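The structure appears below as structure tokens.
The structure displayed is predicted, hence computed values, not measured ones. Below, chain A is the first sequence line, B the second, and so on; all start at residue 1.
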Amino acid sequence: MSATDIDRLFDELLSRRSLFKDRRVLSIDYVPDELPHREKEIARLATILATALRGGRPSNVFCYGHTGTGKTAVVKFVLKKLFEKARSRNLKFKAAYVNTRIYNTPYRALYKIAEELGIRGIPKTGLAVADVFEKVKREIDRFDCLTIIVLDEIDYLVKREGGNDLLYQLTRINNMLSRSQVSLIGVTNDLRFRDFLEARVLSSLCEETIVFHPYTAEQLYDILKQRAALAFVDGAVEDSALRLIAALAAREHGDARRAIDLLRVAGEIAEREGADCVREEHVWKAYEEVERDLVSAAVSGLPLQEKLVLLAIALLSRSKRQITTGLVKHAYEKVCAALGVAPVSHRRLTDILNNLETLGLISCALVSLGRYGRTKLIKLEVRPKDVISILARDPRFAELVSQIRF
DNA sequence: CTTCCACCGGAAGTACCGGTAA
DNA sequence: TTACCGGTACTTCCGGTGGAAG
């Protein structure tokens, strides 16, 4: 391509009218001024937290519901409004928001709490958890005000060792504070989460419970319409496209986050193609792309051995129908041999399989074959060719993928 | 009724890494 | 420097276990 060609390309791209008015509206952490169809939940949480405006300590709250049902948005929204109200009444309180899927160990969660509260001098690693907890506790007491701690995706913390301990300490912290008070808000997608909570934590963490039900397709449509009006220029999205996104997301247990993601990607595709508006065809393309990106994000972050196990499963699912643990082990060892990598123990393999399951890449079902033992039936939950093509980007695997057959 | 397959998964421990405090 | 911290990836050992076959 010559210099003048590039010049012309730039000119052409610049002269195109952008479909977007404000892209940020479609980002994951955007909190809108209105949350349609969540009025009841907002009122409920606001009622509980309003105690703070009267100088009391709100009960600990526990929110649960599927992904993308507005839990995080509602919590952030109500806290924002509470801050505004408090400021107008000259009241002080502090809040920390921690996503424990990212800050997924007791130390890291504590570190993030400290950071959110503006407590400095805590290193990312190297100290004992108990010491850090003491320091955070002391600093919170020095605030001399109510402190609200939001623990989002709290199930990721609880399922880790030491997670219950931290939670227990946090629920008991008020007994150790003299000037400040702490309220906790726990948020989770996992509906069976309570099973993992120890009894000593359960009762105090779940003083109040708010359940978030999935959005229906019509409700998702309303949400999309609201966001589209803010994010796109007038007439840049066809109504049928919004309906399609709503229908697709409703199928995924009413996941609004997924819907908004789909809208954003569909918009980007339409713009890339130079279309004058977002149509159903762009939504379908976006659907594919979002799916692939999800897989790609999950797969590329995996450690080597987990990649190899996943590769073995992907290669197996091209041909065999029923995949058992034994079969996976066999295939995995063949893959290892071909690469000159030492395979891990069987015990480790079961952990890897469980991990791949929690990531949603595979699903497992324990079955008993009587005389013929007891095993797990393993099913790849994503397209084998996606997994293989993503892993084949690694030059170490590229050759192998074309060679091995089962 | 008992056997026994082909696994599961808890417990405890090791090696290593990147970090802190004294 | 040394002792210690949390965290990940992995090991070895071992006590289960559902249900068809015998």
Side-chain angles (χ1 to χ4, degrees), chain A residues 98-115 119-139 151 153-170 192 195-196 198 298-313 316 320-337 339-359 361-379 391 394 396:
Chain A
V98 186
N99 185 322
T100 64
R101 180 163 56 165
I102 298 154
Y103 300 91
N104 60 357
T105 65
Y107 190 97
R108 289 207 269 260
L110 217 42
Y111 168 82
K112 184 62 182 170
I113 290 171
E115 190 190 273
I119 299 168
R120 276 179 297 175
I122 290 171
K124 272 187 282 189
T125 173
L127 266 50
V129 175
D131 295 350
V132 174
F133 187 84
E134 280 306 308
K135 171 147 189 176
V136 169
K137 194 180 79 188
R138 252 198 338 269
E139 292 296 319
L151 298 165
E153 307 203 62
I154 194 171
D155 42 313
Y156 284 89
L157 177 64
V158 174
K159 286 172 193 163
R160 292 276 191 136
E161 65 173 63
N164 263 301
D165 290 337
L166 177 64
L167 238 43
Y168 178 66
Q169 297 275 1
L170 284 173
R192 299 179 338 277
D195 302 344
F196 295 95
E198 286 174 16
V299 171
S300 51
L302 253 33
L304 174 67
Q305 298 289 359
E306 306 211 5
K307 279 183 181 164
L308 296 180
V309 173
L310 188 66
L311 180 59
I313 296 169
L316 278 173
K320 297 269 194 322
R321 286 176 297 114
Q322 297 255 302
I323 300 171
T324 61
T325 308
L327 223 53
V328 171
K329 182 159 194 278
H330 189 75
Y332 157 75
E333 277 165 357
K334 250 169 105 174
V335 169
C336 284
L339 285 167
V341 174
V344 296
S345 64
H346 189 283
R347 180 64 187 85
R348 176 70 190 137
L349 183 70
T350 65
D351 281 344
I352 289 174
L353 289 172
N354 285 337
N355 188 35
L356 293 176
E357 188 181 16
T358 53
L359 288 172
L361 291 168
I362 61 172
S363 64
C364 303
L366 251 160
V367 290
S368 176
L369 275 40
R371 184 87 246 194
Y372 306 105
R374 205 161 168 300
T375 187
K376 256 182 186 162
L377 284 184
I378 293 149
K379 190 168 152 262
L391 287 173
D394 186 327
R396 286 177 296 176

Inset, instruction - Decide whether K376(A) and N354(A) meet the rule of one side-chain donor and one side-chain acceptor closer than 3.5 Å. - result: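 Distance-only check passes for K376(A) and N354(A).
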
Output the single nucleotide from [options] whose closest atom is nearest the side chain of [X].
{"X": "H346(A)", "options": "dA21(B), dC7(B), dG6(C)", "result": "dC7(B)"}
{"X": "V344(A)", "options": "dC10(C), dC7(B), dG9(B)", "result": "dC10(C)"}
{"X": "Y107(A)", "options": "dC10(C), dG6(C), dA21(C)", "result": "dG6(C)"}
{"X": "L127(A)", "options": "dT11(C), dC7(B), dA21(B)", "result": "dA21(B)"}
{"X": "S368(A)", "options": "dG19(C), dT8(C), dT12(C)", "result": "dG19(C)"}

Report which part of the nucleic acid [X] touches: base, sugar-phosphate, or nothing (heavy-atom distance under 4.0 Å, all strands).
{"X": "V367(A)", "answer": "nothing"}
{"X": "T325(A)", "answer": "sugar-phosphate"}
{"X": "K376(A)", "answer": "sugar-phosphate"}
{"X": "D351(A)", "answer": "nothing"}

Inset, instruction - Using a cut-off of strictly less than 4.0 Å, decide whether R347(A) has a side-chain nitrogen or oxygen near OP1 or OP2 of dG13(B). - result: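 R347(A) to dG13(B) OP1/OP2: no side-chain N or O under 4.0 Å.
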
Legend entry - Phosphate contact (dT8(C) OP1 or OP2) by R108(A) side-chain N/O below 4.0 Å: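 Yes, because at least one side-chain N or O of R108(A) sits under 4.0 Å from OP1 or OP2 of dT8(C).
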
Legend entry - Pairwise 5' ranking along DNA chain B for G121(A) and G370(A), keeping only the more 5' one: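 Nearest nucleotide further toward 5': that of G370(A).
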
Inset, instruction - Could you check I378(A) against R371(A) and say which one's nearest nucleotide on DNA chain B is further toward the 5' end? - result: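 Closer to the 5' end of DNA chain B: R371(A).
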
Basic-acidic side-chain contact under 4.0 Å: [X], [Y]:
{"X": "K329(A)", "Y": "E333(A)", "result": "yes"}
{"X": "K379(A)", "Y": "E357(A)", "result": "no"}
{"X": "D351(A)", "Y": "R347(A)", "result": "yes"}

Inset, instruction - Evaluate side-chain contact (heavy atoms from CB on, under 4.5 Å) for L310(A) paired with I362(A), printing each intermediate quantity in order. - result: CA-CA 9 Å; L310(A) 188 66; I362(A) 61 172; 4.3 Å; yes

Nearest whole angstrom, please: distance from the [atom2] of [N] to the [atom1] of [X].
{"X": "E161(A)", "N": "dG13(B)", "atom1": "CD", "atom2": "C1'", "answer": "13 Å"}
{"X": "D131(A)", "N": "dA3(C)", "atom1": "CG", "atom2": "P", "answer": "19 Å"}
{"X": "I122(A)", "N": "dA21(B)", "atom1": "CD1", "atom2": "C1'", "answer": "15 Å"}
{"X": "I352(A)", "N": "dC10(C)", "atom1": "CD1", "atom2": "C1'", "answer": "9 Å"}
{"X": "L377(A)", "N": "dC7(B)", "atom1": "CG", "atom2": "C1'", "answer": "12 Å"}
{"X": "Y372(A)", "N": "dT17(C)", "atom1": "OH", "atom2": "C1'", "answer": "19 Å"}

Inset, instruction - Look at the side chain of T125(A) against the base of dG19(B) and say whether a donor-acceptor pair falls under 3.5 Å; ignore hydrogens and angles. - result: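 Between dG19(B) and T125(A), which were checked side chain against base, a qualifying N/O pair under 3.5 Å is absent.
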
Inset, instruction - Examine the base of dG9(B) for any acceptor or donor lying under 3.5 Å from a partner atom in the side chain of R348(A), and report the outcome as yes or no. - result: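 Not at all, since no donor on one side and acceptor on the other fall under 3.5 Å apart.
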
Inset, instruction - Determine, for Y103(A) and R108(A), whether the Lys NZ or Arg CZ falls below 6.0 Å from the six-membered ring centre while staying within 45 degrees of the axis. - result: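 No, R108(A) does not sit over the ring of Y103(A).
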
